[in-house]
Amino acid sequence: MEFLTILISGLLGLVVPVGLVIDQTAENAIRSQFAGVEQLQVRVDNVPSHQLLQGKVEKVQIAGRSLQLKQQDLRIAVLELETDEIEFDPSSIRQKLPKLKQPLQAGVRLVLTEQDINKLLQSPEFINSLGKFNQGGSSKSQSSVAAKLVNPKVEFLANNRFFFQVELHNQGQEKPLLVQVNAGLGIVGGRQVQLIDPVVSIDGVEFPPDFINFVLSDINQQLDLRNLEGDGLQMRILKLEMKPGKLEIAAFLRLEPSSKFLETRRS
């Protein structure tokens, strides 16, 4: 969720202490939240201009290309975002993030390339997270012999399907085991990401469908976006389209003033 908290910081950072908001100032505020930016355009609608002193911004539109996140090795190929009216407490203008008086709502469109996602999957940070997930709650003696997951790779296919593979290296085995997953990706009710008709195999031997469905029920539950609502974030996916080479997502976001994501950026 790093890109989301980056946008929150950038959007609320548009409000500068001198009480002025201009497109160039807004662009600089957003640009500073990324490690690198190839192209970025920001438009702030704030007419009449004295509304800012009252704690209001009519609308913010952002269009960016090739945006590199700071904390993760991930590049966003395309970012388009448009907010509803932003209303904040004018007395909080000098804080790192002004306090919202009403929920912040926005529509966002993202495009991620297969190449960039694979770069993230093969980064040391992601590999380490795979190891922690694999070990789970095991003890040190158990985790010392746990399989290592290496060389993860994904390929986007037609019809909203993907192919994923990763190697399992076990101590005492000369040859790693190759795990492969071929599955579809779908959205139920705009809030639950689901794996569809997955085929899972290890070294070419497919898992029984009953076992896959048992594991899948837990995975689909973890991918339910309603899990974020307790942290003050509502997200509804309007479009999820996977095609060879890229993944496109369009979503609606609603961030409550009490959201933990805002607390994270203020700390």
Report the C-alpha distance between D45 and R43 in whole Å, list the side-chain angles of each, state the deciding distance to 0.1 Å, and finish with yes or no for side chain to side chain contact (heavy atoms under 4.5 Å, CB included). CA-CA 7 Å; D45 292 339; R43 176 178 175 180; 3.0 Å; yes

Verdict with reasoning, E248 to R109, per salt bridge (Lys or Arg N to Asp or Glu O under 4.0 Å): CA-CA 7 Å; E248 180 180 352; R109 173 177 172 265; 2.8 Å; yes

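Here OG of S217 is found 10.0 Å from CD of Q222. Values are rounded to the nearest 0.5 Å. Atoms CD1 and CG, on I86 and L104 in that order, are 5.0 Å from each other to the nearest 0.5 Å. For the atom pair K99 NZ and E87 CD, the distance stands at 15.5 Å (nearest 0.5 Å). Here CG of L120 is found 8.5 Å from CD of E125. Values are rounded to the nearest 0.5 Å. Here the CG-CG distance, from N118 to N151, works out to 11.0 Å after rounding to the nearest 0.5 Å. Separation of atoms CZ (R226) and CZ (R191) is listed at 7.5 Å; rounding is to 0.5 Å.
Side chains of E85 and K56 form a contact here, defined as non-hydrogen atoms less than 4.5 Å apart. A heavy-atom distance below 4.5 Å is found between the side chains of F156 and E114. Under the 4.5 Å side-chain criterion, counting only non-hydrogen atoms from C-beta, N182 is not in contact with F162. Taking the side chain as every heavy atom from C-beta outward, L195 and L185 approach each other to under 4.5 Å. Between R65 and E80, some side-chain heavy-atom pair lies under the 4.5 Å cut-off. In this structure, the side chains of D73 and F126 stay at 4.5 Å or more apart for every pair of heavy atoms. Between D197 and R161 there is a side-chain heavy-atom pair separated by less than 4.5 Å. For the pair I30/L40, a side-chain contact is recorded, criterion being any heavy-atom separation below 4.5 Å from C-beta on.
Residue D84 is tested with Q102, Q105, R254, K59 for a side-chain hydrogen bond (donor to acceptor under 3.5 Å, both in side chains); the sole match is Q105.
Across every non-hydrogen atom of Q122 and P152, the tightest pair is NE2-O, 3.2 Å. Considering every non-hydrogen atom in both V179 and I202, the closest pair reads CG2-CG1, 3.9 Å. Pairing each heavy atom of L67 with each of Q39, the nearest pair is CD2-O, 4.1 Å. Considering all non-hydrogen atoms of both residues, S259 and D231 come closest at OG-O, 2.9 Å. Among all heavy-atom pairs drawn from R75 and T113, the shortest one is NH2-CG2, 3.9 Å. Nearest heavy atoms, Q61 versus E82: NE2-OE1, 3.2 Å.
Hydrophobic cluster membership for F163: L157 (Ile, Leu, Val, Met, Phe, Trp, Tyr linked by side-chain heavy atoms under 4.5 Å, directly or transitively). As a member of the Ile/Leu/Val/Met/Phe/Trp/Tyr network built from side-chain separations under 4.5 Å, V199 groups with nothing else and remains a singleton.
Partners of F252 by ring-ring contact (aromatic ring centres under 6.0 Å, His included), not counting sequence neighbours: none found.
Between K243 and E241, at least one side-chain nitrogen of the basic residue sits less than 4.0 Å from a carboxylate oxygen of the acidic one, meeting the salt-bridge criterion.
N160 contributes a side-chain N or O that, together with a main-chain N or O of L240, makes up a donor-acceptor pair within less than 3.5 Å. With hydrogens and angles disregarded, a donor-acceptor distance shorter than 3.5 Å links the side chain of T83 to the backbone of V60. K246 places no side-chain N or O within 3.5 Å of a backbone atom of Q115 that could act as its donor or acceptor partner. Within the 3.5 Å criterion, the main-chain N or O of I187 finds no donor-acceptor partner in the side chain of Q192. At distances below 3.5 Å, at least one donor-acceptor pair connects side-chain atoms of N213 with backbone N or O atoms of P209. Between the side chain of D116 and the backbone N or O of I76, no donor-acceptor pair lies under 3.5 Å.
In the displayed structure, Q221 atom CD is contacted under 6.0 Å by at most 12 heavy atoms of other residues, nucleotides or ligands. Heavy-atom neighbours of Q41 CD from other residues, nucleotides or ligands within 6.0 Å: at or below the threshold of 12.
By the rule that hydrophobic residues join a cluster once side-chain heavy atoms approach within less than 4.5 Å of another member, L225 and I196 end up as members of separate clusters.
Side-chain contact of E229 with Q234: a donor-acceptor pair under 3.5 Å is absent, judged by distance alone.
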